[in-house]
Engineer: 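Dropping a structure here in structure tokens format, bear with me for questions.
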Amino acid sequence: MGILDFLKTRPKNTANIARERLRIIVAQERSQRGGPDYLPLLRSELLAVIKKYVNVDPEAVLINVERDSGQEVLELSVTLPEVKA
Amino acid sequence: MTETIVVTSGKGGVGKTTTSASIATGLAQRGHKVAVIDFDVGLRNLDLIMGCERRVVYDFVNVIQGEAALRQALIKDKRHETLFVLAASQTRDKDSLTQEGVGNVLEALAQDGFDYVICDSPAGIEKGAHLAMYYADRALVVVNPEVSSVRDSDRILGLLASKTRRAERGDGAVQQHLLLTRYNPARVEAGEMMSVKDVEEVLGIPVLGVIPEHESVLAASNQGVPVILEESSHAGHAYTDAVARLLGEERPMRFLDAPKKGFLKRVFGG
């Protein structure tokens with residue numbers, strides 16, 4: 001780093017941005033991997049139904065298939081928006 | 001025992017063929033009997049990188065379809081006695097590769113006493129890529145420190161864990177290795193490019209080797225010489241190290257730091 005560097009605007013650390021974006025998308029894609037093919041469609045249809053009643057964020061609906069000792073459990077979690085007082 | 005190693009990536013243009021050529025050559029330099037197969041049906045390129053493009057008479061598909069014997073189609077490398085190239089077909093019919101046909105060729109290579117078979121995968125996740133990885137014992141996933149390449153390679157890691165013969169038979173997982181190519185230490189230091197550690201962290205598997213971005217890679221491909229044979233190339237040395245690690249030897253990582261700047265550059269930047 002030279003003493004004249006203050007004359008230039010410092011570029012953003014874009015490598016960190018890349019790493020964080022990848023961390024999130026890779027984790028999301030891994031969680032869907034190996035699950036039944038209908039999961040993404042099921043998720044979007046459920047989201048449409050929920051939206052009729054509550055205005056939730058698309059990312060608020062999480063679907064997961066858990067395998068536990070021969071049993072498969074479909075786990076659905078919906079985060080409702082905070083109610084304004 | 002023959003070990004089958006697939007060189008794959010998902011994304012195109014990251015250096016699969018360059019890597020296949022150098023890893024195969026490096027293993028042959030160490031005295032192993034090696035075949036390197038181009039699975040990119042319709043877009044033959046490994047022959048150019050290996051410098052044997054004018055000696056291709058029969059190809060992989062000819063062998064699978066029984067139009068040529070394996071012995072006739074294997075092209076012996078000019079530089080190494082124990083290295084052989086099997087070129088891809090230029091046919092546009094992607095269905096000419098079959099799972100059974102590929103299996104038969106690999107079986108014949110094993111019968112012939114080959115130590116290693118390197119499968120140079122096409123880009124994408126279609127049939128050619130699937131067949132290139134199907135019989136693999138180990139996988140070299142080539143990745144650039146760039147978002148789309150990293151994401152695609154994670155997709156490939158998922159397929160290696162589920163769509164291979166080892167996965168189907170429950171024979172134990174395909175051993176996965178990352179090979180980071182086009183690495184530019186100066187840009188990593190400037191925060192413009194993800195580091196080795198960043199990529200390892202995101203994908204969760206260790207890096208077998210890091211190949212620095214260098215003009216020697218293009219110069220080598222221009223001449224049809226695998227870059228591992230370029231004596232003065234850092235990229236070539238990095239491939240030599242990767243081959244040693246593939247064979248179970250320990251080698252410290254090199255070429256991860258940017259060259260030190262001189263005094264004037266440090267004061268005035270640049």
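Residue numbers begin at 1 in each chain, while the letters A, B, ... track the order of the sequences. Quick caveat, the model's predicted, so the values are computed rather than measured.
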Engineer: Where on B/R187 is there a heavy atom nearer than 4.5 Å to chain A: the side chain, the backbone, both, or neither?
Structural biologist: neither
Engineer: For A/L22, is it the side chain, the backbone, both or neither that has a heavy atom under 4.5 Å from a heavy atom of chain B?
Structural biologist: both
Engineer: Taking atom CD as the centre, does B/E168 end up with more than 12 heavy-atom neighbours from other residues, nucleotides or ligands that are less than 6.0 angstrom away?
Structural biologist: yes
Engineer: Roughly how far, to the nearest 0.5 Å, is the CZ atom of A/R30 from the CG atom of B/D154?
Structural biologist: 4.0 Å
Engineer: Looking at every non-hydrogen atom in both residues, tell me the closest pair between A/A18 and B/V147 and how far apart they are.
Structural biologist: CB-CG1, 3.7 Å
Engineer: For B/D93, look at atom CG and say whether over 12 heavy atoms of other residues, nucleotides or ligands are found less than 6.0 Å away.
Structural biologist: yes
Engineer: For atom CD of B/E249, is the number of surrounding heavy atoms from other residues, nucleotides or ligands below 6.0 Å larger than 12?
Structural biologist: yes
Engineer: So for atom NZ, which belongs to B/K163, do other residues, nucleotides or ligands contribute more than 12 heavy atoms lying within a distance under 6.0 Å?
Structural biologist: no
Engineer: State whether the number of non-hydrogen atoms from other residues, nucleotides or ligands found under 6.0 Å of B/K197 atom NZ is greater than 12.
Structural biologist: no
Engineer: How many angstroms lie between CZ in A/R23 and CG in B/D198, if you round to the nearest 0.5 Å?
Structural biologist: 8.0 Å
Engineer: For a 4.5 angstrom cut-off between non-hydrogen side-chain atoms, does A/R19 reach B/E201?
Structural biologist: yes
Engineer: Just checking B/R245: does its CZ atom have more than 12 heavy atoms from other residues, nucleotides or ligands closer to it than 6.0 angstrom?
Structural biologist: yes
Engineer: Does any heavy atom of chain A fall under 4.5 Å from the side chain of B/M194, the backbone, both, or neither of them?
Structural biologist: both
